[in-house]
Structure formats: C-alpha cells, structure tokens
Amino acid sequence: MRITTEFQLAFPVEQSWAFLQDFTSVTSCVPGAHLTELVGDLEARGELRLKLWVVSLHARGVVRVVQHDPATHQVLLRAEGADDTAAGH
C-alpha cells in the first residue's frame, strides 16, 4: 500500500521540520502508538494498539527514513508491521 499525503502546519517551516524529524514527538501525536526502540536517527521500532467497537489491533513494526531532503522539506518513510492479534483470535 502506498500512502501519499501533503498538509500545511500553522508553525514556521523550520520549527515544523524539526518536530517532524523527531520520532518521539511524532509518536506523541498518534493515539495508541508507543515507541519501543530508537535505532539511530533513521529508524524506530514500536507498537500500535487500536480498538474500534469490536475490532482490535495490536501491531508491532518498524519505520525507516528512506529519503530525507532538508532543502525541500520532504521525507520518504517506509513502515512495516504485523498484527499480533490476527493469529487465532
């Protein structure tokens, strides 16, 4: 699956760029997300717990920075994960 998005923030570009480069800061904005390990500046491992009515998800995964261009303020991430609750439940 490929997800492409673009959005505007109500903060100066350098302040926003610095925030978005920090896995811990970004994770704090994602409900149910929890970092379990930072692997340098370009990789993070974590988990995500979601519950929507009778459907629940507990996924573990990794996010890696694939491309990073401070001049254009663009970043390409690759995220991989698996649902721990899918097997047998």
Side-chain angles (χ1 to χ4, degrees):
M1 175 186 338
R2 181 183 187 107
I3 300 173
T4 303
T5 188
E6 187 175 305
F7 53 90
Q8 293 183 0
L9 301 174
F11 298 96
V13 68
E14 293 306 323
Q15 182 182 355
S16 299
W17 182 247
F19 181 88
L20 293 170
Q21 300 311 296
D22 179 33
F23 285 118
T24 303
S25 296
V26 173
T27 302
S28 71
C29 298
V30 180
H34 174 72
L35 282 179
T36 57
E37 180 182 7
L38 290 172
V39 184
D41 293 334
L42 302 178
E43 184 175 311
R45 298 179 187 279
E47 53 189 35
L48 179 65
R49 292 180 185 268
L50 297 173
K51 183 161 181 146
L52 180 61
W53 194 43
V54 298
V55 178
S56 64
L57 167 84
H58 178 230
R60 296 176 196 272
V62 61
V63 175
R64 291 182 189 91
V65 177
V66 177
Q67 292 177 353
H68 181 262
D69 187 354
T72 61
H73 299 107
Q74 293 184 10
V75 64
L76 176 63
L77 304 174
R78 178 173 179 92
E80 300 174 3
D83 182 1
D84 290 349
T85 58
H89 299 286

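Counted within 6.0 Å of CZ on F11, heavy atoms from surrounding residues, nucleotides or ligands total 12 or fewer; the atom is thus considered open. No more than 12 heavy atoms of other residues, nucleotides or ligands sit less than 6.0 Å from atom CZ of R78. The environment of CG in D41 is sparse: at most 12 heavy-atom neighbours from other residues, nucleotides or ligands sit within 6.0 Å.
Cluster note: W17 groups with F23, L35, L38, L42, V63, V65, V75, L77 through ILVMFWY side-chain heavy atoms spaced under 4.5 Å, whether in direct contact or through intervening members.
Nearest approach of L48 to P31, heavy atoms of both residues: CD1-O, 3.7 Å.
Among residues two or more places apart in sequence or in another chain, the side chain to side chain contact (heavy atoms under 4.5 Å, CB included) test is passed with R45 by T36, E37, V39, E43, V62.
The CG atom of L57 sits 5.0 Å away from atom CG of L50, with the distance rounded to the nearest 0.5 Å. Note: R60 CZ to D83 CG = 11.0 Å, rounded to the nearest 0.5 Å. The NE2 atom of H73 sits 8.5 Å away from the CD atom of Q21 when rounded to the nearest 0.5 Å.
V13 and L20 are assigned to two separate hydrophobic clusters, defined by single-linkage of ILVMFWY side chains at heavy-atom distances under 4.5 Å. The cluster map of Ile, Leu, Val, Met, Phe, Trp and Tyr, joined by side-chain heavy atoms under 4.5 Å apart, puts W53 and V55 in the same cluster.
Contact of the R49 side chain with the H34 side chain is not registered, since no non-hydrogen atoms from C-beta on lie closer than 4.5 Å.
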